[in-house]
Amino acid sequence: MFDPVRGQPDFPALEASIAAWWRDHGTYDKSLTRRRGAPRFVFFEGPPTANGMPHPGHCLTRTIKDLYPRYRTMRGQFCERKAGWDTHGLPVEVEVCKELGIHSKAEIEAYGVEPFIHKCQESVWRYMKEWETLTERIGFWIDLSKAYVTYHQSFVESVWWALAELFDKGLLYQGHKIVWWWAQGGTALSSGEVGQGYQEVADPSVYVAFPLLDDTGAPTSRSLVAWTTTPWTLPSNQFAAVKADLDYVVLRDAGGADAAEYIVAEPLAAGLGEKLKKEFEVVDRMPGAALVGRCYQPPFDTFRQPGSPATAPLAAGGHEAIAWRVVAADFVTTDSGTGIVHIAPAFGEVDYTVLVAEQARFAPGSGPSLINAVAPDGTFTDAFGMGSGRFVKDCDRDITRDLRSRGLLVHQEQYVHDYPFCWRADNDPLIQYPRQSWFIRTSQFREQMLANNAAIEWLPEHIKDGRFGNFLATNVDWALSRERYWGTPLPIWVCDATGKAEAIRSYADLLAKPGVLGADVFAKAKAANPDLSDDLKVHKPYIDAITYDSPFAAGGRMRRVTEVIDCWFDSGAMPFAQWGWPHQGHAEFESQFPADFISEAIDQTRGWFYSQLAISTLLFGPSEVSSPDVRAWPHPFKTCIVLGHMLGEDGQKMSKSKRNYREPSEIFDRYGADALRWFFLAGQAPWTSIRYSERAIKESIPEFLLRLWNVYSFFVIYARIDGFDPGSALAAPGMLDHADLATASGWRPVAERGELDRWMLSELNATAAEMTSRMDAYDHFGAAQRLSALVDAVSNWFVRRSRDRFWAPGRADGGPDANVEKTDAYWTLYETLLTISKLAAPFVPFTTEAIWKNLAGVAFSGRAPESVHLTDYPAGDAALVDHDLVRRMAVVRDIASLGRAARAGEKLKVRQPLQKVEVILADARADDAAWLEAHADLVCDELNVKQFEVCGEPDRYITRSVLPDLKKLGPKLGKDLPKARDALVKGDAAALLAALAAHGRAEVPLAGGGVAVIEPGDVLVRTTAKPGWAAAESPRAVVVIAKDLTPELIAEGLVREVVHAIQTERKQLDLDFTDRIDLVFATESEALRAAIEHHRDYVASETLAASLHFGTPPAGAEPHDIDGHPLAIAVAKASS
RNA sequence: GCGCGCGUAGCUCAGUUGGUUAGAGCGCUACCCUGAUAAGGUAGAGGUCCCAAGUUCGAAUCUUGGCGCGCGCACCA
């Protein structure tokens, strides 16, 4: 027998007990054990960083990540879920720096790299407890005990292997990169960090004259005019760029005595005139191409020798000036400035590409080299004496003053724009700065990455060719190295004699090198501090201590480069590194690559989605470089659900300082995890940005969880009363699916049960089939909506329509007093609840488990599966779906709804019985009419009428009209459609329908000549109620009610009102529903008195009245108004 | 600046290849039920489907151009 159920469930408490029960019973492990050997469903966990607090967005990802593995496991697949943690990177270092109260690299070095790294390793787990709590609390089943950790030695060695592969294939190289540089902190910042630090500032905006040189190298009075907002880059000027096909003009001040001539792009000439408030005349014009190759005098002689421009031999022959020369560049625009761009290759990425292109034109070794007057600490070097030792931005004013004094400053103004500052030292502006960096040649694999991407199933689909595809198409080489401390060390050792390098694949390989030294550094540290994690031996500074004999030069030593790598490479390597592959874990890797399914939020397109795809494509894609391990596209993941970002209550980004969202823990404590999960899964498509609203989460409870719980509670209450006990009726419960239940005593085949039961099981099985196909297509939103509709059908139709059976006399225990129809109702509802528990289990794992534990666990004392998550997902049995019945029942529900609408229109409340209701079906298909008439009782009961029929002479109540079926006739008639539509609407519908019925076709004359040939199916029939009837209509039916009331009907209506009044009294007196009462009435209305007398048996039985009489009611009897008739009622509990 | 997404009822959101009267939940109003009851049901009101042009017999849906919001990228020489 079932345990009693609380009507008011405390979901948070319930969930806590379920979570504890899962833990104690190892339910997750059991769910895996069941499926061992079954086809795999491979899931990759994108590693979160435990260095930050989990927030509501993580609740969403963890819910989605839990849903599909649970579902697939129930569907019969084997899905191991290995957790993982992302542990490296600047955020960890920043946390530690904050703790230590330091900022710059110099301060870290002063503190000591070794203790700093120890701090980092400890800091990684700062919020571990919160993460583990969240994971368990939200019901995310994943194996935390076997989590991969990116700083572990085995993980690092896998990454080393990958990097060594790339290095050996020539895909890992060292080059320059212009980075956003935090000069005070001595480090480059990632684009994400830069993006966080933009501030609106006003910078000087200067227009500077670059005088062109004549053949002797002397400046002329004709100058290029360049524009810049960073005067401090002018001392490092190297070129001036123009657009070749753009027209340039030479301007002279019309009113000035001055002979100065300015060259600017023609479209910008007028603007310059306005700024200078001068009337310029155009004295010459030329295309940009004509300027290319001309030399000019740079604004400062920082790097220039006096005299003629230095030249060098070109690769193609001839000589050209090395620098301070006009070049052509496509990126030059006329949006702002002058159309002439000052190029300082050290301080801009596009500027740098100009230098690289120029270098390529010259004979090897003789081209321009990078010139740079700025030191890494952001101060000018001695090369620019005027600013030597001062921070560059502080020199802007002196630089412009100097230019003005030399007559080179054409114009100066303020320019307001966004400029990046350091995100954690917001007084420090960032500068663009060239650094040596290690790159992965990903751009060479652009086409392969696109091909790999093309095979991935992205949800939503537009990610593939949209955001992600675009990103791949504009791919640039991956800047891999970081000049930091806490990260995977770049495994490249360089010969100190020759500069030649080689990559190391594992720690063991390193120790096996000839003449290896320095391994003892870690050993000593470990001896001094036995708690030191062994994993740190592959980290700085210990790894840097290891050197070995150079294979390239006798006497040379191999020393590691100083850099660590971008931590995105770590996470992107997890498909193999999580197993330590290829050094170990072969079986695991082979059986779990690629992933069937991953999911993260959209911010991972350039993060984890990209790093995984890039690494996998380079390592496992076809390659001209020998590649032993080629895999078919797609890899390393086949399907990816890209989640939208979560917004706060106000629709803005969630922000701790704005307090515009509730902490997940608060949500769990108030409403429970299932409420949150259901809100995520059933509230909206997962890729829309979700507004995280407490109100919406709260409302997701009554709409689904509570409704399901109410049905369950109803069932248990009455099953206990009626002795419905499957545990004793069923010897071998199996998995409690349909076939298992069929072996129970007292169970009747569905075909023998009543219509309502057959309908319920039809809906159940149809829903299961549809949910399965939707879930297989990763459409949990559609599946959840279908499930919600099913629960509504159970609650608001099956249970409501079955109440009489549940309350009928007789038991449901299969004994001699058993009531067969009642027992059928129990078996139907029992099966429905069990199946819904299974269907909903991946969505709301706690609530369904609680229901299952009682309906199956308690009922069978352990003979049935102990957890709903250890059952098979119901796929729906088509043989149990009666489509006609489903359709007809929908018509009945429609009729009931229309009948109430018709009543409402006439202000005839449902308590007032009516004589008759008639229905006219729009689509008199099959035998629906006969079926409906056979179910007149049902309709009469729902609508409180005496008689129901399908109308035999519909023309009395309705008019029929025909409308074109646009979908069918549209393609057929094209432009004639409006005419045909007119003809159909205005024509004789009855005649047309008759013709169609008789001949299978009809011709409709069109206005202006011609005819349209109409066939059955080309038109739709619409029925409309004629005026004057109490009717309501829908596309399916018209319902007409008889609104005339006879005295008998009025009397019945009065009596129903009286009963209602008494029931309300009973409730107010807090009587038990089995208590009997004595009733005394007093009324001056003879009509009311007569009505009650006439129906006194009905009144007595409805209200459980032991006695009923008219008289003088005791004082305090409640006065009532019964449709205008006064009535005093005294209700007293009967003595017996 | 470029790219991606979004814009539908007071609020939160659905809307399947273009098709007839654009839906749901919440909220609101009225009513009903009262043996699941701090629940439940029915009905109603509420819409310029952001704007404009175009394609089409027909556009919430397709195209183009705006406007607004979000995100990403780049740039700010």
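Per chain, numbering begins at 1; letters A, B, ... match sequence-line order.
Among the heavy atoms of the strands, none lies under 4.0 Å from Gly644(A). No engagement by Gln1063(A) is indicated, since no non-hydrogen atom pair under 4.0 Å with the nucleic acid exists. Counting non-hydrogen atoms under 4.0 angstrom, Thr230(A) reaches the backbone sugars and phosphates but no base. Backbone-only engagement by Thr228(A) is indicated by non-hydrogen atom pairs under 4.0 Å involving sugar-phosphate atoms exclusively.
rU42(B) and rA30(B) make up a base pair, with Watson-Crick or G-U wobble contacts both under 3.5 Å. The partner of rA36(B), taking Watson-Crick or G-U wobble pairs whose two distances both stay under 3.5 Å, does not exist in any strand shown. Base pairing of rG70(B): its partner is rC4(B), meeting the Watson-Crick or G-U wobble criterion (both donor-acceptor distances under 3.5 Å). Judged by Watson-Crick or G-U wobble contacts below 3.5 Å, the nucleotide rU21(B) has no partner. Of all nucleotides present, only rA53(B) satisfies the Watson-Crick or G-U wobble test against rU63(B), with each distance under 3.5 Å.
For Asp465(A) and Leu977(A), each mapped to the nucleotide of RNA chain B holding its nearest heavy atom, the one lying further toward the 5' end belongs to Asp465(A). Comparing Val711(A) and Leu234(A) against RNA chain B, the residue whose closest nucleotide sits nearer the 5' end is Val711(A).
Not a single donor-acceptor contact under 3.5 angstrom links the side-chain atoms of Arg467(A) to the base of rC73(B). Side-chain atoms of Arg803(A) come within donor-acceptor range of the base of rA36(B), with a qualifying N/O pair under 3.5 Å.
Checking rA36(B), rA14(B), rG35(B) against every side-chain atom of Gln684(A), the shortest atom distance belongs to rA14(B). Residue Ala685(A) has its side chain nearest to rA14(B) when only rA36(B), rG25(B), rA14(B) are considered. When each of rA39(B), rU42(B), rA14(B) is scored by its nearest atom to the side-chain atoms of Asn710(A), the top-ranked nucleotide is rA39(B). Here the nucleotide nearest the side chain of Ser897(A), chosen from rA36(B), rU42(B), rA14(B), is rU42(B). With rG3(B), rA36(B), rC73(B) as the choices, the nucleotide that has an atom nearest any side-chain atom of Asn470(A) turns out to be rG3(B). Nearest to the side-chain atoms of Asn796(A) among the listed nucleotides rG35(B), rG41(B), rU42(B) stands rG41(B). Of the candidates rC4(B), rA43(B), rG35(B), rC4(B) carries the atom nearest the His462(A) side chain, counting heavy atoms from C-beta on.
Rounded to whole angstrom, the span from the CD atom of Glu703(A) across to the C1' atom of rA39(B) amounts to 15 Å. Atoms CZ (Arg720(A)) and P (rA36(B)) sit 17 Å apart, rounded to a whole Å. With rounding to whole Å, Met646(A) atom CE is found 17 Å from rC6(B) atom C1'. At whole-Å resolution of the value, CZ in Phe679(A) and P in rG25(B) are 18 Å apart. To the nearest angstrom, C1' of rC4(B) lies 19 Å from OH of Tyr610(A). Remark: C1' of rC11(B) and CD1 of Ile697(A) are 15 Å apart, rounded to the nearest angstrom. Remark: C1' of rC76(B) and CG of Asp351(A) are 12 Å apart, rounded to the nearest angstrom. Rounded to a whole Å, the CD1 atom of Ile701(A) is 16 Å from the C1' atom of rU12(B).
Taking the P atoms as reference points, rG65(B) lies 32 Å from rG47(B), given to the whole Å. Here the separation of rG25(B) from rG41(B), taken at their P atoms, is 9 Å to the nearest Å. Here the separation of rG54(B) from rG46(B), taken at their C1' atoms, is 32 Å to the nearest Å. Nucleotides rA30(B) and rU48(B), compared at atom C1', are 29 Å apart to the nearest Å. Comparing the P positions of rG7(B) and rC62(B) gives a spacing of 11 Å, expressed to the nearest Å. Nucleotides rC51(B) and rC76(B), compared at atom C1', are 32 Å apart to the nearest Å. On the P atoms, rG18(B) is 29 Å away from rU12(B), given to the nearest whole Å. Going from the P atom of rC4(B) to that of rC28(B) covers 42 Å, rounded to whole Å.
For Trp232(A) and Phe347(A), the gap between ring centers is short of 6.0 Å. Under the 6.0 Å cut-off for aromatic ring centres, Tyr718(A) and Tyr826(A) do not qualify, their centroids lying 6.0 Å or more apart. Aromatic rings from Tyr830(A) and Phe715(A) are positioned such that their centres are separated by under 6.0 Å. In this structure, the ring of Trp709(A) has its center no less than 6.0 angstrom from the ring center of Phe704(A).
Distances shown here put every side-chain N or O of Arg903(A) at or beyond 4.0 Å from the OP1 or OP2 atom of rA30(B). Taking only side-chain nitrogens and oxygens, Tyr718(A) comes nearer than 4.0 Å to OP1 or OP2 of rA36(B).
Side-chain atoms of Glu694(A) and Tyr671(A) include a donor-acceptor pair closer than 3.5 Å.
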Between Arg893(A) and Glu942(A), does the salt bridge (Lys or Arg N to Asp or Glu O under 4.0 Å) criterion hold? Intermediate values first, please. CA-CA 9 Å; Arg893(A) 293 182 75 175; Glu942(A) 280 290 312; over 6 Å; no

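Aromatic ring orientation, Phe609(A) versus Trp458(A): perpendicular (interplanar angle above 60°, classes split at 30° and 60°). Ring-plane geometry between Trp807(A) and Phe714(A) is classed as tilted, the angle between the planes lying from 30 to 60 degrees on a 0 to 90 degree scale.
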